[in-house]
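Take a look at the structure below.
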Amino acid sequence: MDYRINNEAIIACVIAQVAKRGPFDIPFTIGIVNLLMQERTRKKALAIPGNNVKELKVLFGQLDGGLLGAIMNSATMLLEGGCLKRQDEKLVLTATGNELCQDIYNCESKMLKAIIDDLDLIQFKYDSIDLSSLYQQFWIAL
């Protein structure tokens, strides 16, 4: 089923799932979605102990910007479709977005299911990091 779903659709679902667990600042949301969409990087993040902030920052800083266009397109679709709204420079899920998140669990995409399964574990690890230093490293890497 994955071959019929384009990157923007999968990324939109991942953004919605991240926002559901948020709200998070927009740069963090973009960065964590970028990390989640790259399987090799996602698996590395899972292998790093949660208390190893230095390794998590290094991994986050190694992300390439290859998916940033697709991430921005997906976020725009969600904003224009009323699934997300901007509030205090954060992406907040709307009632429509919550409905979308419920429908995602019925999706047949193996890739999307794997990303959602890994999302909570990876996000938990990044909760202990000072986000301003993470942003600085992320934007320098771009």
Side-chain angles (χ1 to χ4, degrees), residues 1-50 52-53 55-142:
M1 182 66 170
D2 287 334
Y3 64 90
R4 288 191 256 167
I5 301 174
N6 67 19
N7 274 346
E8 277 88 359
I10 291 175
I11 291 169
C13 293
V14 174
I15 291 170
Q17 289 294 321
V18 170
K20 180 180 174 183
R21 289 154 176 84
F24 297 106
D25 291 347
I26 294 169
F28 178 77
T29 302
I30 292 169
I32 203 73
V33 169
N34 192 16
L35 183 146
L36 289 165
M37 289 301 299
Q38 299 178 41
E39 183 177 8
R40 185 177 53 122
T41 308
R42 191 172 75 239
K43 297 303 176 192
K44 283 183 184 178
L46 287 170
I48 295 172
N52 194 333
V53 172
E55 275 190 59
L56 288 169
K57 284 183 177 181
V58 168
L59 180 63
F60 205 84
Q62 291 173 349
L63 294 171
D64 65 31
L67 291 174
L68 289 180
I71 292 170
M72 297 309 293
N73 288 342
S74 300
T76 301
M77 287 188 303
L78 291 170
L79 287 163
E80 289 181 2
C83 295
L84 286 178
K85 63 181 179 179
R86 281 181 63 181
Q87 184 175 321
D88 299 324
E89 297 306 315
K90 296 180 184 211
L91 293 177
V92 178
L93 206 59
T94 64
T96 304
N98 275 319
E99 289 178 28
L100 172 67
C101 286
Q102 292 303 318
D103 291 339
I104 289 172
Y105 290 109
N106 299 325
C107 180
E108 295 181 22
S109 169
K110 291 177 186 174
M111 178 181 174
L112 182 56
K113 286 181 181 179
I115 291 169
I116 291 170
D117 287 346
D118 293 343
L119 172 58
D120 287 323
L121 295 170
I122 291 173
Q123 180 185 322
F124 174 75
K125 292 179 181 194
Y126 282 95
D127 283 344
S128 64
I129 294 177
D130 171 37
L131 292 181
S132 62
S133 67
L134 188 62
Y135 295 160
Q136 183 181 17
Q137 186 169 8
F138 178 63
W139 292 115
I140 289 171
L142 294 177

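Positions are given from 1, in the same order as the sequence printed here.
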With the side chain counted from C-beta on, respond yes when Gln17 and Leu36 share a heavy-atom pair under 4.5 Å apart, and no when they do not.
no
Please, which pairs that meet side chain to side chain donor-acceptor pair (under 3.5 Å) have at least one residue in residues 79-92, sequence neighbours excluded?
Arg86-Glu89
Phe24 and Val18: which non-hydrogen atoms are nearest, and at how many Å?
CE1-O, 3.5 Å
To check you understand the geometry: which heavy-atom pair defines the closest contact between Ser74 and Ile15, and what is its length?
CB-CD1, 3.8 Å
Show the nearest heavy-atom pair for residues Pro23 and Leu91, with the distance to one decimal.
CB-O, 3.6 Å
Which value, rounded to the nearest 0.5 Å, describes the distance between Ile71 atom CD1 and Ile30 atom CD1?
7.0 Å
Quick one: does any side-chain atom of Thr41 pair with a main-chain N or O of Leu35 as donor and acceptor, under 3.5 Å?
no
Asn34 pairs by side chain to side chain contact (heavy atoms under 4.5 Å, CB included) with which of Leu67, Val14, Ile11?
Leu67
May I have all residue pairs that pass salt bridge (charged side-chain N to carboxylate O under 4.0 Å, His left out) and include part of residues 30-42, sequence neighbours excluded?
Arg42-Asp118
Heavy-atom check, side chain of Leu84 versus side chain of Thr94, under 4.5 Å
no
With side chain to side chain contact (heavy atoms under 4.5 Å, CB included) as the criterion, how do Met37 and Ile10 come out once you've worked through the C-alpha distance, each side chain's angles and the decisive distance to 0.1 Å?
CA-CA 9 Å; Met37 289 301 299; Ile10 291 175; 3.8 Å; yes
Look up atom CE in Met111 and atom SG in Cys13, then write down how far apart they are to the nearest 0.5 Å.
11.0 Å
Locate the shortest heavy-atom distance separating Leu100 from Cys83; write the atom from each residue and the value.
CD2-SG, 4.2 Å
